[in-house]
Amino acid sequence: MYTYTDFDEAFVRSRVAQFRGQVERRIDGSLTEDEFKPLRLMNGLYLQLHAYMLRVAVPYGTLNPAQMRQLAYIADRWDKGYGHFTTRQNIQYNWPKLQDVPDMLDALADVGMHAIQTSGNTIRNVTADHFAGAAADEIEDPRPVAELLRQWSTDHPEFQFLPRKFKIAVTGAAHDRAVTKAHDIGLRMMRNDAGEPGFEVIVGGGLGRTPMVGKVLRSFLPKAELLPYCEAIVSVYNLLGRRDNKYKARIKITVHENGLEKIQELVEARFDTIRAGFSGHDQELLAQIEAAFAPPSFARKATDGYEAARLANPAFRSWTDTNLAQHKADGYAIVSISIKKHGATPGDATSDQMRVMADLAEQYGHGELRISHEQNVILPHVHKSDLAKVYAALRQADLATANIGLASDIIACPGMDYCALATARSIPIAQEIATRFDELKIEHEIGQLKIKISGCINACGHHHVGHIGILGLDRAGVENYQITLGGDGTETTTIGERAGPGFSAEEIVPAIERLVTGYLGLRRDADETFLQTYRRLGMEPFKAILYPSEEKANAA
């Protein structure tokens, strides 16, 4: 993985020193909160409902054990002993004291991390497939490209004051695990007829109050042209994007109002103008970055004991069925560690759990960890002969929940428990839903089901692309939860359709239970997923399950 150069180190340290001075001036009253706000946002510091919140960048979701241990140390030293992993593959600390933040940033810099551009109207943390470098269906590891984009976008003088925040996601696999079509720029790696690697370039996706699926701007862009082409896109948006209304400032609205053809014309013209100026230096840099991402030396040994352990331990077998994915190397597996224990806060990990995961990565995982946009942690390279030992350690740390991709593996934003923008609670609803399905003991019978919940229309919980999406709103001072169905965040991205009237906080969990148990009676067989059933039958039978009294009234 990429390690900081002397330049990187000096750059980050200078930013921390600059921010330390700004914090001191805020504390002594030299800066007002209004004056301080843009300065703190440039360094990832938010003001939430009850305290400041520091959002730390985890570029393309990749960490090494030393970095994970440092995140644990920061949680213990300056927060409340835990961190919250987010849908942008970042980590947030919810309770720092303002005077401590510069020390937190210095501690991050000690392990090659920072909080730069995790907020503000800039290019945010570039995200990637959390199975990158390990997935069996991968064309190439997309992380070198993501690192190139990170270096290009960090403190880019032209793009520090965009009309609105800007998000890029990249995947190197046929199956999209990075939700590329819900990003301002989505990059899907593919090969042309000659077998050369390149990207399908998607533009104008996004969720929030106006959810839109991204449109294909270029069906194939050679890999060597990626950086100038991305610069052309952001340049056009920077000039054309609206600044008169923040709700219409995202590039998805720019594309919608101007039309895809006009955007293509402007981007191609800008690309032709700036392309020569890159002169191949970006490709030299990319080659250096790719060398840093050389795959580990995978062991060639027998998978001794793995199948025997599965047969001997039903709990271990259940965990392997749900929490493992196919690896590109023989004898290896990709391990997804669920930090969604039934009844726990989705995405929260204690400092002790972080240390356990760091130890496991060091001992069994070639020193690599990943954060997924689904708020879980990945050990991308584990030999099958070590899986029983990994599982035993996870079980002891309360991290062995076998629910990846199931009903309780819920994405949830912080909601009104933390966020100043939220209009309803997300975390308690997610906890109640997960607990209820654990009580029913039917998660494995239900199979793959993506439930996502947001506490406001900003959609940080990705509810629009959930198979079942839940949106919490305020209705005359009362929490009201709308349900959407049929959303999808993969290569066949679809925005979910609203089912009907919302439910109160007391009604929403029974409604979800009714919906999911009703699906079991609608599916063709045990292999037909909730999403497949919904796509086959449409909304009506699910609506009848959700609103039985309404259906009876119509029948009468």
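Predicted model only: the values in this text are computed from it and were never measured. Every heavy atom of this structure was used, including side-chain atoms; hydrogens, water molecules and symmetry mates were not.
- Judged purely by atom type and a 3.5 angstrom limit, Glu196 has no side-chain atom pairing as donor or acceptor with the backbone of Pro222.
- Around atom CZ of Phe161, no more than 12 heavy atoms belonging to other residues, nucleotides or ligands sit under 6.0 Å away.
- In this structure, Asn43 contributes its side chain and Leu45 its backbone to no donor-acceptor pair below 3.5 Å.
- Between Leu394 and Thr401 the shortest side-chain heavy-atom distance does not fall below 4.5 Å.
- Residue Ile116 holds its CD1 atom at 14.0 Å from CZ of Arg124, rounded to the nearest 0.5 Å.
- The shortest distance between side-chain heavy atoms of Met1 and Tyr60 does not fall below 4.5 Å.
- A 4.5 Å side-chain heavy-atom check between Ile378 and Leu369 finds every atom pair outside the cut-off.
- Using bins of under 30°, 30° to 60° and over 60° for the plane-to-plane angle, the ring pair Phe166/Tyr237 lands in the tilted bin.
- Although no hydrogens or angles enter the test, the distance criterion places a donor-acceptor pair under 3.5 Å between the side chain of Asn125 and the main chain of Val58.
- Within 6.0 Å of CG in Asp193 there are 12 or fewer heavy atoms belonging to other residues, nucleotides or ligands.
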**Request:** With salt bridge (Lys or Arg N to Asp or Glu O under 4.0 Å) as the test, would you mind laying out the steps for Asp359 and Arg69 before giving the verdict?
**Result:** CA-CA 9 Å; Asp359 291 346; Arg69 289 192 187 100; 2.8 Å; yes
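- No donor-acceptor contact under 3.5 angstrom links the side chains of Gln117 and Thr154, judged on distance only.
- At a threshold of 4.0 Å, the pair Lys262-Glu265 does not count as salt-bridged, since none of the basic side-chain nitrogens sits closer than that to a carboxylate oxygen.
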message: Please evaluate residues Arg177 and Asp137 with respect to the criterion salt bridge (Lys or Arg N to Asp or Glu O under 4.0 Å), reporting the C-alpha separation (whole Å), side-chain torsions for both, the decisive distance (0.1 Å), and the verdict.
response: CA-CA 11 Å; Arg177 288 176 288 266; Asp137 64 339; 2.9 Å; yes
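- With respect to the salt-bridge test (charged N to carboxylate O, under 4.0 angstrom), the residues Glu200 and Arg188 qualify.
- A 4.5 Å side-chain heavy-atom check between Leu105 and His114 finds every atom pair outside the cut-off.
- Counting heavy atoms from C-beta on, the side chains of Pro296 and Glu368 come closer than 4.5 Å.
- With ring centers used as reference points, His366 lies under 6.0 Å from Phe298.
- In this structure a side-chain-to-backbone donor-acceptor pair under 3.5 Å is missing from Gln283 to Gly280.
- For Gln375 (side chain) and Ile411 (main-chain N/O), no donor-acceptor pair under 3.5 Å exists by modelled atom type.
- Proximity of a side-chain donor or acceptor of Gln353 to a complementary backbone N or O of Ala349 within less than 3.5 Å is not detected.
- Considering SG of Cys230 and CD1 of Ile185, their distance stands at 4.5 Å, rounded to 0.5 Å.
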Exercise for the section: With salt bridge (Lys or Arg N to Asp or Glu O under 4.0 Å) as the test, would you mind laying out the steps for Asp129 and Arg370 before giving the verdict? Expected result: CA-CA 9 Å; Asp129 180 356; Arg370 308 285 164 72; over 6 Å; no
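- Between the side chain of Asp8 and the backbone N or O of Thr5, at least one donor-acceptor pair lies under 3.5 Å.
- Using cut-offs of 30° and 60° on the angle between ring planes, the pair Phe7 and Phe11 is parallel.
- Residues Ser408 and Asn403 have side chains that bring a donor and an acceptor to within less than 3.5 angstrom of each other.
- Closest non-hydrogen pair, Ala430 versus Pro346, comes out as CB-CG, 3.9 Å.
- With a 6.0 Å radius and a threshold of 12 heavy atoms from other residues, nucleotides or ligands, Glu261 has its CD atom at or below the threshold.
- Thr322 places none of its side-chain heavy atoms less than 4.5 Å from the side chain of Glu443.
- With Thr62 as the partner, the side-chain hydrogen bond (donor to acceptor under 3.5 Å, both in side chains) test is satisfied by one option alone out of Glu147, His130, Arg143: Arg143.
- Closest heavy-atom contact between Lys248 and Arg242: CD-NH1, 3.4 Å.
- The backbone N or O of Thr254 sits less than 3.5 Å from a side-chain atom of Asn258, completing a donor-acceptor pair.
- In terms of heavy atoms, Gly172 sits closest to Met189 at CA-CB, 3.7 Å.
- For Glu138 and Lys328, the salt-bridge test passes: some basic side-chain N is under 4.0 Å from an acidic carboxylate O.
- Of the possible polar contacts, none joining the Lys215 side chain to the Leu260 backbone as a donor-acceptor pair under 3.5 Å is found.
- A salt bridge links Glu290 and Lys223; the closest N-O separation between the charged side-chain nitrogens and carboxylate oxygens is under 4.0 Å.
- Exactly one of Val170, Thr127, Ile202 qualifies for a side-chain contact (heavy atoms from CB on, under 4.5 Å) with Thr180. That residue is Ile202.
- Under 4.0 Å is where a charged nitrogen must lie from a carboxylate oxygen, and between Asp184 and Lys165 no such pair does.
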Sequence neighbours excluded and cut-off under 3.5 Å, please list the side-chain donor-acceptor pairs for residues 446-462, or say none.
| from | atom 1 | to | atom 2 | distance (Å) |
| --- | --- | --- | --- | --- |
| Lys450 | NZ | Glu374 | OE2 | 2.8 |
| Ser454 | OG | Gly461 | N | 3.0 |
| Ser454 | OG | His463 | ND1 | 2.8 |

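- Ser318 and Asp321 form no side-chain donor-acceptor contact under 3.5 Å, judged by distance and modelled atom types alone.
- Remark: Gln532 CD is packed, more than 12 non-hydrogen atoms of other residues, nucleotides or ligands lying under 6.0 Å away.
- Between the side chain of His464 and the backbone N or O of Gly469, no donor-acceptor pair lies under 3.5 Å.
- The side-chain heavy atoms of Arg218 and Phe271, taken from C-beta on, include a pair separated by under 4.5 Å.
- From Met354, atom CE reaches atom CD1 of Ile91 across 4.0 Å, with rounding to the nearest 0.5 Å.
- Residue Asn90 holds its CG atom at 4.5 Å from OG1 of Thr86, rounded to the nearest 0.5 Å.
- The two atoms that bring Ala132 and Pro142 nearest to each other are CB-CD, 3.5 Å, heavy atoms only.
- Looking at Ile251 and Ile263, their side chains never come closer than 4.5 Å, going by heavy atoms from C-beta outward.
- To the nearest 0.5 angstrom, Leu531 atom CG is 7.0 Å from Thr492 atom OG1.
- Between Tyr332 and His383, the ring planes lie perpendicular to each other; the angle is over 60°, past the 30° to 60° tilted range.
- Looking at every heavy atom in both residues, Ala146 comes nearest to Val126 through CB-CG1, 3.8 Å.
- For the atom pair Leu399 CG and Leu360 CG, the distance stands at 8.5 Å (nearest 0.5 Å).
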